Amino acid sequence: MELVLVCLIGILYASGMYMILRRSMVKLLLGILLLGNATNILIFLLGNLTAGKPPVIPPDLKVFNDIYADPIPQALILTAIVISFGLTAFAIVLLKRVYVLVDSDDLDDLNTPEEEDI
Amino acid sequence: MRSTILQTASQYLLPILLLFSFFLLIRGHYSPGGGFVGGLVASIAFVLHSFANGVESTMRIIRYKPMSLIPIGLGLSTASMLLPLFFGKPVMTSLWVPEQLPVFGSVGTTLFFDVGVYLLVVGVVLTILFTISLFSE
Amino acid sequence: MLALVPGVLFSYFVQKIPEIGSGRVLFESTPWVPALGVSLGFRLDGLSLLFALLITGIGVLIFVYASSYLKGDRYLDRFFGFLLLFMSAMLGLVLSNNVILLFIFWELTSISSYFLIGFHNRDEESRRSALTALSITGLGGLLLLAGLIWAGNLAGSYSIGDMLNHAEVIRQSAYYPVILILFLAGAFTKSAQFPFHFWLPGAMKAPTPVSAYLHSATMVKAGIFILARFTPVLGGTALWQWALMGVGGFTMLYASVLSLAKRDLKGVLAYSTISALGVLTFLLGLGTDYAVVAACVFLLAHALYKAPLFLVTGIIDHETGTRDLTRLSGLGKALWPAALAGGLAALSAAGMPLTFGFIGKDLIYEATLHYESGWAWYLTALAIVTNVGLVAAGFLAGFKPFTGKVQEEFRHLHLPPALLWVPALVLALLGVVFGLFPGWAGAWLTEPAVKSIFQQYVPVQLKIWHGFNTVLILSLATLTAGIIIYLINTPRFRKSEFITVLERIRPGVVFGWLFIRTKQFAAAYTNFFHDGYLRSYIIKIILFAEALLIYELYRGGPFSVDFSKLSPVRFYDVGIVFILVGALYKTLKTSSRLTAVVCMSIIGYAICLLFVTYSAPDLAMTQFTIDTLTVVLFVLVLYRLPPFLKVRNVKIMVRDAAISILFGGLLAVICLRVLLEPTRYNISDFYAKYAYTLGKGRNVVNVILVDFRGFDTMFEIVVLSVAAIGVYSLLKLRLKASEKE
């Protein structure tokens, strides 16, 4: 299964990067989200996959007596997911404002002409 | 977007979802859940209600501006973080009430911290979404 | 009022004279960067004291003068700020006892002088000469730093005191010539020695108080200062002597001749200053007792006559609005105090008996005459020619504008305010006082300075009258020749062939060419890397990262995957991945915004399912809720926007696809690579072990979030609040602003 996930990570990164290189601002944002998802899976994968053993200590025990899924990547990813929501919200509102001001979704329209001879 | 079925359903879903989120919050220490998830579920409950009945009526239910939840949550978390200082312990040491309560289990500063996170998440999500939907109209 | 600052400092240093005069050296040190051997170490010895007195003493007068000269200027406060900064940097420079500290102050003087020279920043010429001065002195400063660090490493310490003790080690090192060249590059650029002299005449664009302060008494003398300071460390070798005498000798001759060809008053003064700096370098190069004494005396004398000449020039410029020597004449009556100051200063510059300049000039001849080799007479001749030029230049600046017939346009001049002419007069009179009582200056100022240059006691006795000897005859001859040259040096004669030839030797041209080329290169470089398109920035960064990654992977060598350790592939996992990839494909292909957003959410839910199957219930719940909210967010904002742009350029798409696939592939390979590393679970085990016993919780993820790593969560919620406030202000505040309109 790890190999499948590794391929998946590769595909997610590749498509995220491809989206970032588009001219549309919305695609840029979607690309960033894809990269974020890819990274989450990457971290998750590095904590070793464990099926059906959540990191919750059984009610009658004080410590685990069985194997358990690694809790640290989970804590990290949880944080990352929530933060990414904040990022998305801010970025999307920014995008909206730009759209209202420039009336375009095209990144190239944001360029101000620069002085040619410095 | 107004549909009678959704409107009626959301009337009942709101309290149920809120109860569920509250449960997620306080049982978070023992089973999956916690402040973040609880807060998110609670905000989804409100968002659902606002979809069915409009943002204004949801705001009327909450009564306060969702933005005011942000300082409250942040303040609660900070307070529970600083509380150990008054007992001569380093910041963020967890303090516990000795007895176990029936539903809550052990009650301590970490629970208050989680409640702060819960309130803040609700505040943040609702502020963002309501501001945007009011702006779009 | 601001003049109080240098005033107080001046009186502090004056009060230290007896103590330093008795041969003591004061130290003050605070560790700063102990790991690098850099300390805030200061030393006050004779040499420092002489410079400190010049800096603060002339500083007082300049502050007074400038407050009147620049009265009403919009940026007067800024000007005084820069001036104070410069003064402090200069003081720090002469007092520092650590070479790194010395370098920092050195650069500070360059930077603050940049602001001062370019003070009239609306004038393009002014900006350019400021930049020239900064780049020349800054470049020299860097070379100096290299030399100083090298010398410091040889001596085993960056403290100047320690370097004095280890002078032999440095001098006998095989790297000594390189160190010396680096060091001299710094000193020569700062002190405007040929071929770096051209920045100084350019710097005359500065307001006159700045010229008077920086280019007569302080900044340009910094080069002389470090030459003197490091004489005990680096000096005394044949290379040192030849370099200093050669460069100094040529500079003093070249500049003194050139100064006579100038029509601009400040130009005359600039070149005669360069010449005087050449004399000082030359004397330090001679390195005999006489020469060093002469250098110290001449340093003081020069500051005392050059500063008033500059100030007088400033008064003339201020009152008449011109500095053109062909137009100025007969101002003596209207501007009598300035004429008096200028006259006295010019006499001192000419070395007229009973002025301090006379004593300086005497000592120069003594030094060259007593140089024990066959060169003595050649050197003396060189000194005489230079001095003749200096005499004529002094008269040109101090007498010419005030004598002769009054021009019609200047007939109605008024006496300038006292604040303008008093400083000039004070300095000029001081030159005469020191000339009448040279014993004072000798015992108090010169002797301790000479002692710190030689690191041993050398008696200095300055006298007005040395008796009727060769030196006196030479002095008088110089004076006569100078006066004759002054008289025949009319504007017509000035344009003679000889001078134009000299004018052609202009290293400034080379520098200007280099300057423009560097700028062109910088512009081309910037335009290549900063074309303003986000995509091309990202492509460059990613390509570079990819190259690095490929190189690293290549170095790591081949690796193989152990399939037995991997977990089995289950059919519903494959199903999830298929859904995910399908949604991904659709996201890339679709031209509808809404479809893209829906597909994104499908990807999110698929990931959520992955979390469910691999024991992460908390993650699954979070991912699910966040995904739902994100869709809501997108739909709220984006459903009114038009569909995606139809920009189809197959070439670009193929290029981007290639870059992206390479990127994804590389990351996948790295990911595999990391998986093969043995994992350590120490931290996870710690959390698992103590989650219940310490954290009283069974859900380890939640315990980590609220207890073990509570600080991280704390900051995370702060970030969230900031995002919410950001969104709110972006929409609400702009709304209100547009409502107002």
Side-chain angles (χ1 to χ4, degrees), chain A residues 1-4 6-11 13-15 17-18 20-21 23-24 26 30 33 37 41-42 46 48-57 62-64 68-72 74-75 77-79 81-83 85-86 88-90 92-94 96-97 99 105-108 111 114 118, chain C residues 523 532 534-535 538 566-567 569 573 577 581 584 588 593 596 600 607 613-619 622-623 626 630 633 637 641 644-645 647 656-657 660-661 663-665 667-668 671-672 674-675 679 683-684 687-689 691-693 698-701 704-705 716 719-720 723 726-727 730-731:
Chain A
M1 188 59 203
E2 277 85 350
L3 280 182
V4 178
V6 165
C7 295
L8 180 64
I9 290 167
I11 295 170
Y13 268 121
S15 33
M17 186 49 66
Y18 183 76
I20 283 183
L21 293 175
R23 267 170 76 173
S24 156
V26 178
L30 292 180
L33 289 183
N37 277 331
I41 300 181
L42 176 67
L46 295 185
N48 276 22
L49 297 178
T50 318
K53 303 279 183 213
V56 176
I57 303 173
K62 287 196 170 175
V63 287
F64 289 105
Y68 56 93
D70 193 350
I72 294 180
Q74 298 197 13
I77 298 169
L78 204 149
T79 316
I81 296 172
V82 178
I83 286 281
F85 176 73
T88 315
F90 190 77
I92 212 168
V93 170
L94 208 58
K96 173 89 178 174
R97 283 235 56 111
Y99 182 76
D105 176 35
D106 190 352
L107 273 171
D108 291 1
N111 285 342
E114 284 178 37
I118 302 165
Chain C
L534 181 66
R535 289 190 305 285
I538 295 175
L566 302 178
S567 57
V569 180
D573 290 340
V577 172
V581 175
L584 201 56
L588 294 181
R593 236 174 266 277
M600 275 301 290
I607 292 174
T613 57
Y614 286 101
S615 4
D618 293 277
L619 284 190
T622 318
Q623 177 84 37
I626 288 285
T630 309
L633 197 67
V637 174
L641 301 190
F644 287 132
L645 289 169
V647 205
D656 291 352
S660 317
I661 290 170
F663 182 69
L667 275 163
C671 186
L672 261 186
V674 174
L675 272 182
T679 329
I683 311 171
S684 306
Y687 286 145
K689 201 171 161 192
Y692 190 71
T693 44
R698 294 186 183 280
N699 180 0
V700 184
V701 176
I704 291 177
L705 282 178
E716 189 195 349
V719 171
L720 275 183
V727 168
L730 263 180
L731 292 179

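Please read all numbers here as calculations on a predicted model, not as lab measurements. Just so it is clear: chains get the letters A, B, ... in the order the sequence lines come, proteins before strands, and each one is counted from 1. As a basis for the values below, the full set of heavy atoms in this structure was taken, side chains included, without hydrogen atoms, waters or symmetry mates.
Looking at A:L42, the atoms closer than 4.5 Å to chain C (heavy atoms on both sides) all sit in the side chain, from C-beta outward. Contacts of C:Y614 with chain A are made by both backbone and side-chain atoms, with heavy-atom separations under 4.5 Å. C:V581 touches chain A through its side chain: at least one heavy atom from C-beta onward sits under 4.5 Å away, while N, CA, C and O do not. Of the two parts of A:I9, only the side chain, counted from C-beta on, holds a non-hydrogen atom closer than 4.5 Å to a non-hydrogen atom of chain C. Of the atoms belonging to A:L21, heavy atoms from both backbone and side chain fall under 4.5 Å from chain C. Both the backbone and the side chain of A:V6 come within contact range of chain C, each with at least one heavy atom under 4.5 Å from a heavy atom of that chain. For chain A, the nearby parts of C:T630 are the backbone and the side chain; heavy atoms of each come within less than 4.5 Å.
When atom types are taken as modelled, the side chain of C:Q623 and the backbone of A:L78 share no donor-acceptor pair closer than 3.5 angstrom.
Between C:I661 and A:Y18, every side-chain heavy-atom pair lies at or beyond the 4.5 Å cut-off. With contacts defined as side-chain heavy-atom distances shorter than 4.5 Å, the pair A:L3/C:L672 qualifies.
Of all the heavy atoms in C:A596 and A:L30, the pair that sits closest is CB-CD1, 3.8 Å. Closest heavy-atom contact between C:I704 and A:P71: CD1-CB, 3.9 Å. Between C:V701 and A:P55, the shortest heavy-atom contact is CG2-CG, 3.7 Å. Closest approach of A:V82 to C:E716, counting heavy atoms only: CB-OE2, 3.4 Å.
The candidate with the highest count of non-hydrogen atom pairs below 4.5 Å against chain C, out of A:L94, A:I41, A:I11, A:T79, is A:T79. Ranked by non-hydrogen atom pairs under 4.5 Å with chain A, the options C:S660, C:A668, C:A688 are led by C:S660. Contact count against chain A (heavy-atom pairs under 4.5 Å) is highest for C:T622 among C:D618, C:T613, C:T622.
Note that CG of C:L667 and CE of A:M17 are 8.5 Å apart. Values are rounded to the nearest 0.5 Å. Residue A:I20 holds its CD1 atom at 11.5 Å from CG of C:D656, rounded to the nearest 0.5 Å. Distance check: A:K96 NZ to C:L633 CG gives 11.5 Å after rounding to the nearest 0.5 Å. How far CG of C:L584 is from OG of A:S15: 3.5 Å, rounded to the nearest 0.5 Å. Taking CG of A:L46 as the reference point, atom SG of C:C671 lies at 5.5 Å (rounded to 0.5 Å).
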Subject >> Candidate pair A:I81 and C:L619, rule side-chain contact (heavy atoms from CB on, under 4.5 Å), full reasoning >> reply: CA-CA 9 Å; A:I81 296 172; C:L619 284 190; 4.3 Å; yes

Original post:
What do the steps show when you test C:D573 against A:V4 for side-chain contact (heavy atoms from CB on, under 4.5 Å), and what is the final call?
Top reply: CA-CA 9 Å; C:D573 290 340; A:V4 178; over 6 Å; no

